[in-house]
Amino acid sequence: MHREFILFQLLRSLKLNLKLSSLLLSTLLVFLPGCKFQPGWGYNKGYAPEQPIPFDHSLHVGTNKIQCQYCHNQVERSKHSNIPAISTCMNCHLQVATDKPNIQKLREAYDSGGSVEWVRVHMLPDFVHFNHNAHIAKGVNCQTCHGAIEKMTRVEQFSDLSMGWCVNCHRQPENKAPINCSTCHY
Amino acid sequence: MSEIHHDHDLEMKKALRPQIEHDTKYWETLEQLNNDPEFAKKAQTEFLSSPLREGDGEDGFARREFLKLMGASLAMATASCVRRPVQKIVPYNKMPEEVTLGVANYYTSAYFDGSDGLAVLVKTREGRPIKIEANPGHPFSVSGLNIRSQAALLNLYDPERAQGPKHNLFNEKKSNSQLVEIKWEDLDKKVVEQLSKGDVVVLTGALASPATRALVSDFAEGFKAKHVTWEALSNEDVSQGQKASYGEELVPAFRFDKAQMIVSIDADFLGTWISPTAFTNQFAQGRKDIKKMNRLVSFDSNYSLTGGNADIRIKIKPSQQLDVVMGLLHEIIISKGLSSYASNANVKAALAPFAGVAKKLNIEPELFAKVAADLWANKGESLVVAGGLAAMTESTKELQIAVNFLNTVLENDGKTIDSKGGNSALKGSYQAMTSLIKDMNDGKVKTLIIHRLNPSFVLPAEMGFEEAIRKVKMVLYSGDRVDETGSHADYLIPDNHFLESWNDLELANGVYTICQPAIRPMYDTRSFQLSLMTWGFLGKAGPARLRDYESFYDYLRVYWKSDIHPKMAKGTDFEDFWQQALQKGYVGDVSKASNTSRSFKVDAFTAIKPAKATEGFELVLHSTSQMGDGSLANVPWLHELPDPITKVTWDNYVSVSIATAEKLHLKQGSVVELLVGKKKMELPVYVQPGLHDEVLAVSVGYGRTKAGKVGNNVGQNAFALMSVSNEGKLVASGMSATITKLAKSYPLATTSGHFSMEGRQIVAEATLKDYNKNSKSGIKKHEIWSIWSGHEYSGHKWGMAVDLHSCTGCSACVIACQSENNISVIGKKYVLEGRIMHWLRIDRYYTGDPADAQAVFQPVMCQHCDNAPCETVCPVLATVHSDEGLNDMVYNRCVGTRYCANNCPYKVRRFNWFNYAKLIEKPMNMALNPSVGVRVRGVMEKCTFCVQRIQDAKTTARNDKRQLKDGDVKTACQTACPAGGITFGDVNDPNSAVAKIFKTEDRGYALLEEWHAKPAVRYLSKIRNNDKENVGGQNGHGTAKQGEHS
Amino acid sequence: MATQYTKGIAGIWDKESLILKAARKTRETGFTKFEAISPYAVHGMEEACGITRSWIPYVTFIAGLIGLLSGLALTYWTSAVDWAVNVGGKPFFSLPAFIPIIFELTILFAALSSVGALFYACKMPKIDPPIIDPDLSCHKFAIFIPYNDVGYDESKIEKMFKELGALEVKKTEY
Amino acid sequence: MIKRSPLVLGNKTLKDVTDDICAPVERFPSKGWVALFLGAKTLLLFYICILGAVVGIGIGLLGVTHPVFWGTMIVTFVFWIGIGHAGTLISAVLFLFRQKWRTSVARTAEAMTVFAVMTAGLFPLLHTGRPWLDYWLFPYPNQRGPLWVNFRSPLLWDVFAVSTYATVSMVFWYIGLVPDFATIKDRAKNKIRKTVYGILSLGWRGTAKNWSHYEMLYLLLAGLSTPLVLSVHTIVSFDFAVSNLPGWHTTIFPPYFVAGAIFSGFAMVVTLMTLVRIGFKEFKDYVTLDHMEVMNKIIMTTGMIVGYAYASEFFIAWYSGNPYERFVFANRAFGPYGWAYWMMVSCNVLSPQVFWFKKMRRSIPVMFVVSIFVNIGMWFERFVITVTSLHRDFLPANWGMYQWSWFDTGVLVGSFGMFLTLFLLYLRLFPAISIAEVKPVLNVGYEDEGGHH
């Protein structure tokens, strides 16, 4: 009797172990090859941090139909898409909506010669050299990578910005894009 | 009360000052902002070319730090967010017009180190200079750069630069040092007070800036000051020789490009003498057309870069320099009876004792006669030069007179020597320094203003500078740190870096170059010029233009308007002229016309007496192209750059010949005691092939004690070995010396393990005679076949050609590469372990008899092999081939197995054994190129053919809506090469320069071709113009022996 | 759990020659489900018990084949199909270079599958199954006849075992 | 028919065999064992510290440098992998050749294999610049495209070969252990022991059907291990042979490496067996002087094969006419690392020659000393191959030296700590001689039939 009890215990623990280990294994199989092998910088699809001034793209782009390049004006010339200078905001907001507290905050920064500390949404590690200019020149829409910015009240990361995501677009024959390592890594 | 009054006065004065119209495109406003205290305060929060933040004021430069803003350095505020590190982006308040994030701006400027000058472009990214580039097309420095002009970038970011004015609270005897900070206002007040007491001396180096020269003379006029010019590495011997020979005290322009036959007696014109960069360019031009190439004969007492590149190098010792020139004259005038002087009895009498010089000097008489005959045969197209530290012997004046006479005999004066075209700035004088010291000792100097000179370091003890300077009431030091001399100064007046100030330079007579600032002064510094102007203003002294402007920029423009514009472009609009000058970086041209020859004072020549023959060792001091006079000793790039000849880093040493080493049982790294007169110095030994057996050569510029963390106590200060002769002349060479072996050793960090090519075809070399017979001479071709056709490259296919015939080994490319590609400096310990990081290295081999070794140089970078052996063995695909023929190295994929490096036949791969990037001290990180990743520990790195430049060029072409064309992509090494030895481009473009070389150049060969890695680099064989045949070709290096079966 | 094991009767011997004889006799008597237990692989036991040749080699062969094919597929697909990269100017499908991988995968699959097959065949692993006598893994031998075998008769079997020189005969569970 | 000398001395019964072999597992450890174990464990801790420093600070702590990018770690890796060959060879190849004498040494040789492979396997993982990214060497699906691995790289072959070898040899060893674990379980008096060994024995009961499958599997595994063991060192030799470095790029490497591996492996078996015989007196009857003599014969034979390979390399270098190749070999013998070369030759080729004499072959002290020499020599062989080929290759301007540091010594010595710790634990916890395999050959040499044949 006693022995059977031990046996039973053993078997139970074995079953438990099996369950646990199969759980562990499936976790490994499902998640490890995916995102969790990477350090925390990437794959933050859906990241939408709160900004110091709740700039509303849906209002500016969606409703008011301001062109992207009006503010991100260097994107055609440079590999970087610049965050507009405060003076760009002030082009309109010296007149428009001057009574709103956030605009007043902006105005304050402008007048004092300061700036706004935006929280960065899209971030690539420094060993990736993404070139906005090249993609714009090829006729890639902003929305292709950044999603329906015109509908976002708060900007969120639309694509996972993983290497696979880049490469899967680059390797489509119709895109005629290079997939050399040195296209991005140098 | 008086202060308030003073301030008020200042304000009033400012209001009354004439307004200068400023154009907005360039940088002039910055200087202005900087110099106006109120403006400067505002500028704390608004710097034109970089985004600023409030509260960053205390961190003087961090705000300009691109990396922080663009997220490259990941200065992360991790906060509580587990998901990802939060980064903040801070946009500009107002976007400066000229700044596009991620796109570099170039500003024209120029560099002058007291002797060598060249026009440069300063590459800036987001408002910080990241690289010094060549300004091609400049009439004087046609292309390329030298080592130190590029390294000066790091000097800008030197963490140990003086960051504000300082006052030294001296005791009575000025023997202590107690530095305190001081406000500019207080300093200026004290200074002006003292200046008004008279007896002012301004001690500067060679001033190549015409505006500064004018300003100093305005100042001198205002304060009755004396201007003394001195340089550690002066060209006084040349100008004094010219004075004695022709009556004109000047340094003429030497035209190596016009010379077919060049004889150099210890004048290292390719490395250190006068303008080595421009000379290298000229010299290479004279060799480009191989059939008509020039010939360089070098009589070398140190193994100099010029000697290494000579077609015929003849080793001598310093005391024989005069003998060589007189011997050549004897050959021409007496033995052959040539020239109009052959009938001059006095000349003959003076030459008589020099019969049989060749034998005496142990030179093959036929060879010596041939040199003389060649000189005569190329009459008017030959050039004889002598000079430099190695020629600063007791008879240096005689040597110069003899050389001048030889040039006159050869009718070179006015042809290859242009007395009018030289750089009029080269006036540094030891004589002037000697009399200044005397004046100081006599109490005739009350105020001494020193601008960027370091006499305390350079001058030997017997000149008594250290004692003399203590007798000066007030010493003002306008330098960039409290160095050896600065520590004797009452006030340290930190000078701007040349990249922080406006300036102009006259590099050759009639060629004016403008230096634009590329960054606002990083610290509370003030340019030397502005200091003089401020004192002029406050002291109410000097002409109006000294007092009336609030920045040197204004002075400069006024000067150009009044002095240069009328001369260069009379009748045009000054603004247009100014704009053009800014854009091109220069105005004017070097004189191309031949001058008339000057009449030679034969008396000076006939007075020459033969020197006594000497026995035993003679000391040769020489400067090196990396260290120069030691003023940039705190720049790590310079220390880590292997010496072009010896390949030693981080040290100086005493070079001895192989026979001497054997005789005294010395090995590389044995420590000896060098005894010169009464001076002793312990130095490690370097065994130098091809050195004269009675020569001990030591380089100067090392052994700084107050340069900073990097430069302090690296090597020994060999300047201290200079001595003052009985006639009161300073002698740097030819002193008799002895060495004693000590029971110590001191490892020298060399980067080249082996002298010999071991009979392998590495540097293919042929003589001109061989080449004329067969243009493929010296190259062993291999039959190569493959069982597979290989991949096709349909688009671009990048390739490079390196002309070993042009390469002088000057190493400018190495520094260019280091600067462009963020290559780590690792320090002596690790270099000693063989871990130097340079992507581009210059291999130096010796050929021929070791006692008379000839050097060859070969720049080796990644060869971007089509069948790259490194790629095959990488397990993780971290190095693979791009469809443009590049051997891509993906740092972030690399796990560091190092198998690739093992399998690379060229060993061009470098490994990050430790986290070297962490050694970069702030603000040095600002010199990093943001287009190139900084490598972490444990990854392999190597030359990428400057892929970032390829990508940038593509972006530019795309923005211009055009195809990429030949010349759009220039690698860093290519732009830096003063000899134009590197060609880069698309091999698939049939019209590109590089494709033509690949297809048609007979001298082309691939390194280790038989290994069938199919490199994308072609080397072009070196041709030596030395009358020999079948040497260096099939037999000489045994190239035929190898590879036949492989 | 207990139901896994069957009741039956077992005889114990201490000589290799006796157990062989006993096994042969048991088989000749007509038992088919009996087990002969020995501390080591006794030569001739298979023949004595009428055990056919093990089927594991077939598993090995097929698993090896699968390993070979999957090695080939893995190398071909990743190097030449999914992302063909120019490595050292070599063909995308560099078969000679892939052979070591294919070979190793063949061996790995074959070996591990064979072990798996043994586990299946021997119904291993088992947690502490009942044993007839602890000395059976040392120096004794046994034959166990389960109750459900054809012609199972405890007394007859006991008698037969005694005649065959069994040291001990006991009813047990196995 | 030749009269065979007995494989097991002392006319043992089956019970004696079980008692003898289980004794070290069941009794309290001797003082000698404890002392050795503590020593080895200290060495292991030291090893962990050294490796921690190397991983934490940088691989540059070792002497690896430009141009000698591989050094102690790879040298010692090949050394241990080589040692790891004898076990599988004895258990698999000799099994296929029906060499009955193998039974008493096979288990320990296999254990040695497993531990040597474990010790070795750590090196390629840790010698990378960024060991925490080693998993990139496995072709797993990922979000980089997916970006696969380079199957053309010998290092990747290594990954597959070494991991397959480690797996299969461990399985092989374990399968052999299963019946013996059952024996220990059945003898156990203590509940914990019974449970632990019970789990380890996987419920083995030794029925005839099981034995039938078991023997078949053993044969299959032996059959699979034999090409595997040959392939592993072949592939390890490919790390060198597939490169294009003179001195590495040699077709003789696979057989030369395999022979060298057997050579060093047997030397290590002899070293360990002499020690085991001293430590566990009861094993003297199982591991007899005959066994040792046979192994010494193999050592001498393989030593001469290795010597032949050395000579042949030189001949081919000369005969090829390839100047780089010629230079490397001349440099090997007469260059700055000539001392290492001559150390290798004298240890590997000359010292085993004493085994021409039967007296020497059967002398425990002599064979112990020779086996140590062979181990030293074989380490130097790998050092010579790795370092002297790299330190002077194509472009003389790149020539350099290996920068041996204290960390190199630490890594080398420390690896013995790891190996010995594991081995000593094995001696205490596992039946060091295969009980189930010895029993059928008990009679060899005692009866006229020579066992059952």
Side-chain angles (χ1 to χ4, degrees), chain A residues 39-44 46-47 49 51-52 71 73-90 109-134 136-138 157 163 178-186, chain B residues 42 44-46 51-55 67 70-74 81-96 99-103 795 877-884 886 888-893 930-935 944 946-948 950-952 954-955 958-959 961:
Chain A
W41 44 256
Y43 312 156
N44 282 302
Y47 178 57
Q51 300 289 356
C71 301
N73 59 332
Q74 293 183 349
V75 71
E76 283 181 332
R77 281 175 288 150
S78 167
K79 57 177 101 167
H80 301 296
S81 169
N82 59 311
I83 301 294
I86 310 294
S87 57
T88 311
C89 308
M90 285 301 137
Y110 178 67
D111 289 342
S112 69
S115 191
V116 181
E117 285 198 10
W118 302 103
V119 181
R120 191 166 183 165
V121 181
H122 301 91
M123 188 155 41
L124 289 176
D126 62 346
F127 49 72
V128 185
H129 294 259
F130 177 81
N131 194 335
H132 274 93
N133 147 302
I136 302 278
K138 275 264 177 178
Q157 187 173 326
M163 175 169 155
I179 48 167
N180 295 321
C181 302
S182 58
T183 306
C184 306
H185 302 298
Y186 45 86
Chain B
K42 268 191 193 165
Q44 286 296 317
T45 50
E46 176 57 24
L52 298 177
R53 259 184 291 172
E54 275 186 285
L67 296 173
M70 298 315 295
S73 75
L74 295 180
C81 183
V82 216
R83 229 173 132 241
R84 62 182 283 174
V86 171
Q87 277 189 13
K88 298 291 172 65
I89 319 179
V90 186
Y92 286 93
N93 184 290
K94 294 182 196 66
M95 184 62 102
V99 169
T100 305
L101 296 176
V103 177
L877 295 169
T879 183
V880 297
H881 231 59
S882 85
D883 58 15
E884 297 182 353
L886 293 178
D888 290 344
M889 177 69 223
V890 191
Y891 312 124
N892 47 303
R893 175 69 174 171
S931 296
V932 178
V934 174
R935 281 76 62 185
T944 60
C946 284
V947 64
Q948 69 279 7
I950 297 175
Q951 304 290 16
D952 278 354
K954 284 183 187 164
T955 304
R958 194 157 44 221
N959 286 350
K961 303 210 163 35

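Proteins get letters first, then strands, A, B, ... in listed order; numbering begins at 1 in each.
Most heavy-atom pairs under 4.5 Å with chain B: of the set A:I179, A:I136, A:N131, this distinction falls to A:N131. Of the residues considered (B:L877, B:V890, B:L886), B:V890 shows the highest number of contacts with chain A, using heavy-atom pairs under 4.5 Å. Here B:Q951 is the residue among B:K954, B:M889, B:Q948, B:Q951 with the most heavy-atom pairs under 4.5 Å with chain A.
When all heavy atoms of A:H129 and A:Y186 are compared, the closest pair comes out as NE2-O, 3.2 Å.
With hydrogens and angles ignored, the 3.5 Å screen pairs no side-chain donor or acceptor of A:H132 with any backbone N or O of A:E76. Distance alone, capped at 3.5 Å, is enough to place a donor-acceptor pair between the B:R935 side chain and the B:G933 backbone.
Within the 4.5 angstrom heavy-atom criterion, atoms from both the backbone and the side chain of B:T955 approach chain A. In this structure, chain A has no heavy atom under 4.5 Å from any part of B:T879.
In the model, A:N133 has a side-chain atom that pairs as donor or acceptor with a side-chain atom of B:R958 under 3.5 Å.
Residues satisfying the side chain to side chain contact (heavy atoms under 4.5 Å, CB included) criterion with A:N180, sequence neighbours excluded, are A:P178, A:S182, A:T183, B:S882, B:D883, B:D888.
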